[in-house]
Amino acid sequence: PLLGRRVVIFGLSSGLNGRQGVAVRFEGGRYVVAIDGFGGSLRLRPENVSAPPPRPPPTPPPSALKPLPAAAPQTVHQELSSAH
């Protein structure tokens, strides 16, 4: 189920734990993972790779979070009066 998907590496004794890559093939009971920034690939057992956790949605910059203008009470009253 991870073939062709991004994966994260864990449970190894090397410094690759936490690194991410793409599972490019499955052969001999192992995923061949092209590791980001590694310049190569490794054959890893299925128990040493998993799908990374989903990313949270991006937070808009503060400039995009503008308060809504407050409605003037008299404007609302005028609209209700003219509807009758």
Side-chain angles (χ1 to χ4, degrees):
L2 296 175
L3 192 58
R5 295 180 53 198
R6 293 199 60 74
V7 296
V8 64
I9 299 168
F10 64 95
L12 299 179
S13 59
S14 69
L16 295 174
N17 292 323
R19 298 283 299 266
Q20 293 190 17
V22 176
V24 293
R25 287 191 312 277
F26 189 80
E27 59 186 33
R30 295 175 183 242
Y31 285 105
V32 177
V33 178
I35 302 169
D36 298 346
F38 187 67
S41 58
L42 291 176
R43 294 181 63 212
L44 299 169
R45 294 180 296 198
E47 56 266 24
N48 294 120
V49 295
S50 69
R55 292 183 180 180
T59 304
S63 60
L65 300 174
K66 297 178 182 174
L68 296 174
Q74 61 200 44
T75 305
V76 173
H77 178 65
Q78 289 172 350
E79 290 174 6
L80 290 176
S81 297
S82 62
H84 291 300

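Quick caveat: nothing in here was measured; it's all calculated off a predicted structure.
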Which donor-acceptor pairs under 3.5 Å do side chains of residues 27-44 form with protein atoms, sequence neighbours excluded?
residue: Glu27; atom: OE1; partner: Arg25; partner atom: NE; Å: 3.3
residue: Asp36; atom: OD2; partner: Arg6; partner atom: NH2; Å: 2.4
residue: Arg43; atom: NH2; partner: Glu27; partner atom: O; Å: 3.2

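Taking the side chain as every heavy atom from C-beta outward, Val8 and Val49 never approach each other to under 4.5 Å.
Without hydrogens or angle criteria, Asn48 side chain to Ile9 main chain gives no donor-acceptor distance under 3.5 Å.
If you take CG on Leu12 and CZ on Arg19, they are separated by 11.5 Å, rounding to the nearest 0.5 Å.
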